[in-house]
Amino acid sequence: MRIDFLDENELKARFIISDANIALINSLRRAMKNLVPSIAVDYVDFYLNTSYLYDENLAHRIGLIPIKTDLDKFNMPDKCVCEGEGCPNCQISFRLNIEGRRTVYSGDFTSDDPEIAPVYDNIPVIELYEGQQLMIEAVARLGTGKEHAKFQPVSVCGYRIVPEITIDAGRCTNCGDCIDSCARNVLEEQNEKVIVRDNMECTMCMECVKICHDRAISVEETGDFLFTVESVGTLPVRTIIKKGLEILKEKAEEMNSILEL
Amino acid sequence: MVEEQEKEDRPLTGDLMFPVRCFTCGSVIAQHWDEYKKKIKSGKSERDALDELGIERYCCRRMFLTHKSIIEELARFHGAVG
């Protein structure tokens, strides 16, 4: 198995995993989506809310704001020394006290720890009009995507099989029907021959195989997968991938130890 | 003084709450909202504005295109219900 990164930055990565099987790749995808923890607001104390929005509505909006996460700093609440009661080791609070008239942005929250703050400070949370006031304390904690989608560190996280497209030059009559039938422009004509332009774009719809009268095209699965991962900003993409693999390994080892008994 | 400055920097827009995340893919989009509105106001087409902001998928794009302000409607009934 090998991993090659095609392009990568802090928020988005595209890579190819070669010689793998689909079960493993899918479990990695699910681990990244559901099991990698990140911080989100989970509990909000409303001291005063005279805005146009209901408390619940507002709490939901605040929960969706991504917060920069440091996995070494916090424990999962159920594995913390406080046994889920809530202590500085497993939660962090954000305070806000603003009077209208103005828009409240995510950057207006004052955090206990300056390093743990909203990823973007220009997300509009609510608009306050004259005489309206908002005084809240939002408590954030670690959680996993299994529990609520707001804890998911990734937005887009999926893979695609990289196919092998072969064109039998002996059979092909260069009618060009396959080129027109392809919705993703995978094939093209060069020197009066049909060639594969970019097999990464292929979604294996098999339209070219169906339309070919001469049965010259074959599209086959390989053991290569094109993975796309996009982070919401709470964790860098590489950390998410690493953490996902770590969690998978942990689970496999746990299984092993059960079998040994 | 500070408050007055803030008023100018962050004017009220009359829009009620652009969704923080895209309903379909879950990517965070609200940080682009102010910028998007500025671009539209300056006469750019929606297509160009969204392309410049780097919003690629059509699920996220429709969040911008179809957003409708409802704060005025809500404000009319304020006091009657809460």
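Proteins come first, then strands; the chains are lettered A, B, ... in the order of their sequence lines, and each starts at number 1. In this text the structure is predicted, and so the values were computed from the model without any measurement.
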Student: At a 4.5 Å cut-off on heavy atoms, which part of V154(A) comes close to chain B: side chain, backbone, both, or neither?
Tutor: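 No part of V154(A) comes within 4.5 Å of chain B.
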
Student: Do V232(A) and R21(B) have side chains that approach each other closer than 4.5 Å (heavy atoms only, starting at C-beta)?
Tutor: yes

Student: Roughly how far, to the nearest 0.5 Å, is the OH atom of Y120(A) from the NE2 atom of H32(B)?
Tutor: 6.5 Å

Student: To the closest 0.5 Å, what do you measure between CD (E230(A)) and CZ (R57(B))?
Tutor: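 So the CD of E230(A) and the CZ of R57(B) are separated by 4.0 Å.
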
Student: I'd like to know whether CZ of F5(A) has more than 12 heavy-atom contacts from other residues, nucleotides or ligands below 6.0 angstrom.
Tutor: yes

Student: Within this structure, what is the CE-CG distance for the pair M17(B) and N57(A), rounded to the nearest 0.5 Å?
Tutor: 5.0 Å

Student: So which heavy atom on A30(B) is nearest to which on P124(A), and how close?
Tutor: O-CD, 3.5 Å

Student: For R30(A), I'd like to know if atom CZ has over 12 heavy atoms of other residues, nucleotides or ligands within 6.0 Å.
Tutor: no

Student: How far does CD1 of I123(A) sit from CH2 of W33(B), to the nearest 0.5 angstrom?
Tutor: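 Result: 14.0 Å between the selected atoms.
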
